[in-house]
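Read through the structure below, which is laid out as structure tokens, and then see the notes.
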Amino acid sequence: MHISPTYSSRFIASSSPTPPPSRVHRFPSSSTPTSTSPRALSFSTSIGSAPPSLAFSRRRSAPVNFRARIRSSASVIERFRSKIPNMASENAFKSILTGLPKPGGGEFGKYYSLPALNDPRIDKLPYSIRILLESAIRNCDNFQVTKDDVEKIIDWENTSPKQVEIPFKPARVLLQDFTGVPAVVDLACMRDAMNRLGSDSNKINPLVPVDLVIDHSVQVDVAKSENAVQLNMELEFQRNKERFGFLKWGSTAFHNMLVVPPGSGIVHQVNLEYLGRVVFNTNGILYPDSVVGTDSHTTMIDGLGVAGWGVGGIEAEAAMLGQDKVIYFISMKQTYRLSGKLQNGVTATDLVLTVTQMLRKHGVVGKFVEFYGDGMSELSLADRATIANMSPEYGATMGFFPVDHVTLQYLKLTGRSDETVAMIEAYLRANNMFVDYDEPQKEKVYSSCLELDLADVEPCVSGPKRPHDRVPLREMKADWQSCLDSKVGFKGFKVPKEVQGKVVKFSYHGQPAELKHGSVVIAAITSCTNTSNPSVMLGAALVAKKACELGIEVKPWVKTSLAPGSGVVPNTCSRGNALAHACFNIVGYGCTTCIGNSGDLDESVAAAISDNDIVAAAVLSGNRNFEGRVHPLTRANYLASPPLVVAYALAGTVNIDFEKEPIGIAKDGKSVYFRDIWPSNEEIAEVVQSSVLPDMFKSTYEAITKGKPMWNALSVPASTLYSWDPKSTYIHEPPYFKDMTMAPPGSHGVKDAYCLLNFGDSITTDHISPAGSIHKDSPAAKYLLERGVDRRDFNSYGSRRGNDEVMARGTFANIRIVNKLLKGEVGPKTIHIPTGEKLYAFDAAMRYKADGHDTIVLAGAEYGSGSSRDWAAKGPMLLGVKAVIAKSFERIHRSNLVGMGIIPLCFKAGEDAETLGLTGHERYTIDLPSSISEMRPGQDVVVVTDTGKSFTCTARFDTEVELAYFDHGGILPFVIRNLINSTQ
């Protein structure tokens, strides 16, 4: 694998010399949508023939951009505005615009030819960097993108060690509903702000294609039932009817936005199987597909050779509004060379967990990782997508697999037309973006190279609290014992020796039942990471089939579920309905257990766990297992392949040595071992060959465009301004722009701030802004109860992201969060320093705000790791947090803090709160210049406490544009003022 330049993100305005990509429907024209809301369902809308209201997207009066050298945002706006009439209208590289001939005559279109530059340095560029180069060339107008920018990319070998900014415009934006709802709320709110400031509210429209897949709202309320899908969908619509109606309104009120209805699949699997273009052909111009998404696992599309990664919801909104994304190199790129072949019994999940551990240990945070080598031929496209999917878990911006013959085969398998695939291959070969392993490979330039022999990978799981804590299956029993013995931490629960063997007996629906430490209470085949991969899904079906034949059953109190990432999965796994016979009934098509939508455990099981302090376990085929994420009552959570999920469900415990101990007793009374039910690679390959067919993909995605009856029945208003309902507990107008004026608020420091919370390392966005259930005693619960919402209708935090009142109360509300101010107590409370009272974090923050006090947060390393979550930045801002001082930040979260006007500060190397003797009981003053023109990216800032301590931090405003965002109070006010100024 190659680790390529680390990227942080910024956006600049775009005048879009290349027209927006067309929505080309890949399947036969007979699949014309039948919904009355074509924008919500149709994949065939042509943006090239957009209505007059879309003309803004192609006018030269697009948002004025903030270039890299700005010092004073007001003066820069004026300077750039004066340049607009004189901007170059022609592409600076028009001379290399080349026709791409079709084999039978004519041409596919024209493209900007990299070989035509005749620059030998390009041959050394990693494939992912070539995509950035093509984008810069195609959009080069010598104003927003200059020839100097192009040269910086071509000279990547020399510029990559430096912080060199380069512009990059993604072809499209991808959303899911948890992040999509607040994005559409913000767009609707921005329209209102434009209206109040006397400007044209219809300027707020996506200027690049936006695909929003509703997949995060389904919960596993009903499991182990043939009717689970229908019953869970009915409950999903009951809970989310208002949210869904709002999104359907957005699909009609905003141009260029496609909404895929609930029940269709998981966003990243739908993106891989259907939405991904690989190459665009827009108005006769060919160029590579690329995407930024508001979910960190957008990287899954990298397995298809499409450059894609996660950004914060705030950044995605700016991208929708025509703000180009600018990435800057922090360090050089690295490759990961794969060789050999996976051994028998080893799955793609085992491989990705191994890669995740290796890369996390090596350190690739924020870098591009590019995979290559002889072993590539042994990896199916689905295997590659599995590895790319978990890029956030190993910390990379991307885990990129260049397009090769395997990619082309997958495109045909998933129903892309022969002509489309021929165009993709012809373009990528002509532009030196295609890898043909049958030909000699030219040496590329990378900073370093890691190597993995696939034969060294062995079966494994990861956990119990982090995805990169891999445990070989043969060591699982010993590792579990170590976790029971060890102090509380990522690998410990500190269970006293005398109670480690405790057996809790209880009655489960009249049947005798028992739980021990390590008992599996949730077993879920879930998440796009694995459900997109036929080999592991069919492997799970074969394990279930063999177990059923032997008469082994899952214990009734284990909550089992199957949540496919697309409608294709049931067709591939339908043989004998083995998974259903093993109690893995389909519960819905979307993200479930992996994001905390696991539903309630049976009351008897929940009571047995809670009353006896049992360390219960969940085993899931997901990508995240942070504490408190999967379910509040499963303190141990292990990531595993789908067939291993079935095996652990059958065993009923993670405290087992599969090599020596039986999984169960067969109907003939004999012990059944793991090896008796585990299929060989040959068995799986044979079933995959006969079960995965192109027609399955075609029929599935033709049906997607028609929508479900409950979705089609939703009626929405035709207005372009949203009518906010003040009584709504789902959709609420946020306060971001209520007092906004045309004058930016300017730079500001922090004076005598109290510490709201004091954290250690690895505080995730799940800790900061939970997506799971709303605890009955929490401030959010109190808010909902006061408004007449019954507890059974609380739904999840994720489903209520469109309501800032709920989300502010849910900030820092994770029941497993560890705040040092509480001196060992775990939970969502803090100490109100002036009074010494122990309060919920929200209540303490509101008291500070009422008394006129600023607050800051102290944190350790990797603050904000986990899923990209805009509310992890919006929530603290609404609580009055002015700065976060940490050892290090996760890339997207740091950017989101800047986007919401919060100051991110990093301790100097070797220092942290503990080494500096900071307890969190001090008051903190951060002195910043009053004029943004006096600030520089990454400059040192002195922090002084009221106890006389003083220390220096690095201000993590990493680019000039981020300083401009801070000057404006955040990225969204910046965009609004720019839009208004651009037409005055």
Side-chain angles (χ1 to χ4, degrees), residues 176-182 184-185 214-223 225 227-249 261-263 559 561 563 587-588 590-593 595-603 606 628-633 708 710-711 713-716 724-734 769-811 813-815 828 840 842 871 875:
Q176 36 91 335
D177 56 303
F178 269 18
T179 53
V181 166
V184 179
V185 165
I214 302 176
D215 68 343
H216 272 51
S217 299
V218 61
Q219 298 186 43
V220 189
D221 293 293
V222 180
S225 167
N227 299 319
V229 172
Q230 182 63 27
L231 294 173
N232 286 328
M233 181 170 283
E234 289 173 2
L235 289 168
E236 179 185 7
F237 268 82
Q238 287 175 22
R239 293 186 181 115
N240 299 286
K241 184 176 180 180
E242 187 178 349
R243 292 174 65 245
F244 292 169
F246 175 70
L247 290 176
K248 194 171 182 180
W249 167 81
K559 186 171 186 178
S561 61
V587 295
C591 291
T592 54
T593 305
I595 61 166
N597 287 0
S598 49
D600 291 335
L601 291 174
D602 186 87
E603 290 183 1
R629 178 184 179 93
V630 174
H631 193 282
L633 295 178
K708 307 287 183 182
M710 284 182 278
W711 172 264
L714 290 174
S715 60
V716 296
W724 305 97
D725 180 0
K727 296 180 180 179
S728 172
T729 58
Y730 276 104
I731 307 297
H732 184 264
E733 183 178 10
S769 180
S773 58
I774 298 173
H775 194 272
K776 60 183 178 65
D777 297 322
S778 66
K782 181 181 178 183
Y783 171 85
L784 293 172
L785 290 169
E786 288 173 349
R787 282 151 184 79
V789 179
D790 192 272
R791 182 176 178 273
R792 68 174 181 270
D793 297 321
F794 277 3
N795 214 330
S796 65
Y797 280 113
S799 67
R800 293 189 180 271
R801 285 186 181 176
N803 187 306
D804 59 282
E805 296 282 2
V806 173
M807 296 308 295
R809 287 164 172 79
T811 302
N814 189 303
I815 64 172
Y840 280 103
F842 171 81
W871 271 111

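The chain is numbered in sequence order, starting from 1.
The OG atom of Ser773 lies 8.0 Å from the CZ atom of Arg791; values are rounded to the nearest 0.5 Å. In this structure, Leu235 CG and Gln219 CD are separated by 9.0 Å, a value rounded to the nearest 0.5 Å. Considering NZ of Lys559 and CG of Leu601, their distance stands at 6.0 Å, rounded to 0.5 Å. A distance of 5.5 Å separates CZ in Arg800 from CD1 in Ile774, rounded to the nearest 0.5 Å. To the nearest 0.5 Å, atom OH of residue Tyr783 and atom CG of residue Asn803 are 4.5 Å apart. Interatomic distance, CD of Gln176 versus NE2 of His216, reported as 3.5 Å (0.5 Å rounding).
Between the side chain of Thr593 and the backbone N or O of Ser598, no donor-acceptor pair lies under 3.5 Å. Between the side chain of Asp215 and the backbone N or O of Cys591 there is no donor-acceptor pair closer than 3.5 Å. Checking side-chain atoms of Asn597 against main-chain N and O of Val218 turns up a donor-acceptor pair under 3.5 Å. Formation of a donor-acceptor pair under 3.5 Å by the Arg809 side chain with backbone atoms of Glu805 is found in this model. Listed for the Ser778 side chain is a donor-acceptor partner under 3.5 Å among the backbone atoms of His775. Lys248 contributes a side-chain N or O that, together with a main-chain N or O of Leu714, makes up a donor-acceptor pair within less than 3.5 Å.
Considering only heavy atoms from C-beta on, Val184 comes within 4.5 Å of Leu247 through its side chain. Looking at Pro262 and Trp711, their side chains come closer than 4.5 Å, going by heavy atoms from C-beta outward. Looking at heavy atoms from C-beta onward, Pro828 lies in side-chain contact with Tyr840 at the 4.5 angstrom threshold. Looking at Ile595 and Phe178, their side chains come closer than 4.5 Å, going by heavy atoms from C-beta outward. Residues Glu242 and Ile731 have side chains in contact (heavy-atom distance under 4.5 Å, counting atoms from C-beta outward).
Applying the salt bridge (Lys or Arg N to Asp or Glu O under 4.0 Å) test to residues at least two apart or on different chains, none of the pairs has a partner in residues 774-785. Under the side chain to side chain donor-acceptor pair (under 3.5 Å) criterion, the residue pairs touching residues 231-240 are Asp221-Arg239, Gln230-Glu234, Asn240-Arg243, Asn240-Asn795, with sequence neighbours excluded.
Nearest heavy-atom pair, Val587 versus Ser561, reported as atom, atom and distance to 0.1 Å: CG1-CB, 3.7 Å. For the residue pair Ser799 and Tyr730, the shortest heavy atom distance occurs at O-CD2, 3.5 Å. Of all heavy-atom pairs spanning Thr592 and Ala563, the tightest one is OG1-CB, 3.4 Å. Across Phe842 and Pro779, no two heavy atoms sit closer than the pair CD2-CB, 4.0 Å. Here the shortest heavy-atom pairing between Phe244 and Ile214 reads CE2-CG2, 3.5 Å. Counting all heavy atoms, side chain and backbone alike, Ile815 lies closest to Pro632 at CD1-CB, 3.6 Å.
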* **Met710 vs Met233, side chain to side chain contact (heavy atoms under 4.5 Å, CB included): CA-CA, chis, key distance, verdict** => CA-CA 9 Å; Met710 284 182 278; Met233 181 170 283; 3.3 Å; yes

* Before giving the answer on side chain to side chain contact (heavy atoms under 4.5 Å, CB included), spell out for Phe237 and Ser217 the whole-Å C-alpha distance, their side-chain angles and the decisive distance to 0.1 Å. => CA-CA 9 Å; Phe237 268 82; Ser217 299; over 6 Å; no

* To do: Assess whether side chain to side chain contact (heavy atoms under 4.5 Å, CB included) is satisfied between Trp871 and Asp804, documenting all intermediate values.
  => CA-CA 9 Å; Trp871 271 111; Asp804 59 282; 3.5 Å; yes

* To do: Could you give me the CA-CA distance, side-chain angles and deciding distance for Trp724 and Val185, then say whether side chain to side chain contact (heavy atoms under 4.5 Å, CB included) is met?
  => CA-CA 10 Å; Trp724 305 97; Val185 165; 3.9 Å; yes

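Looking at residues two or more places apart in sequence or on another chain, you find a salt bridge (Lys or Arg N to Asp or Glu O under 4.0 Å) between Arg792 and Asp790.
Few gaps surround CG on Asp602; more than 12 heavy atoms of other groups in view lie less than 6.0 Å from it. Atom CD of Glu786 sits in a crowded spot, with more than 12 heavy atoms from other residues, nucleotides or ligands closer than 6.0 Å.
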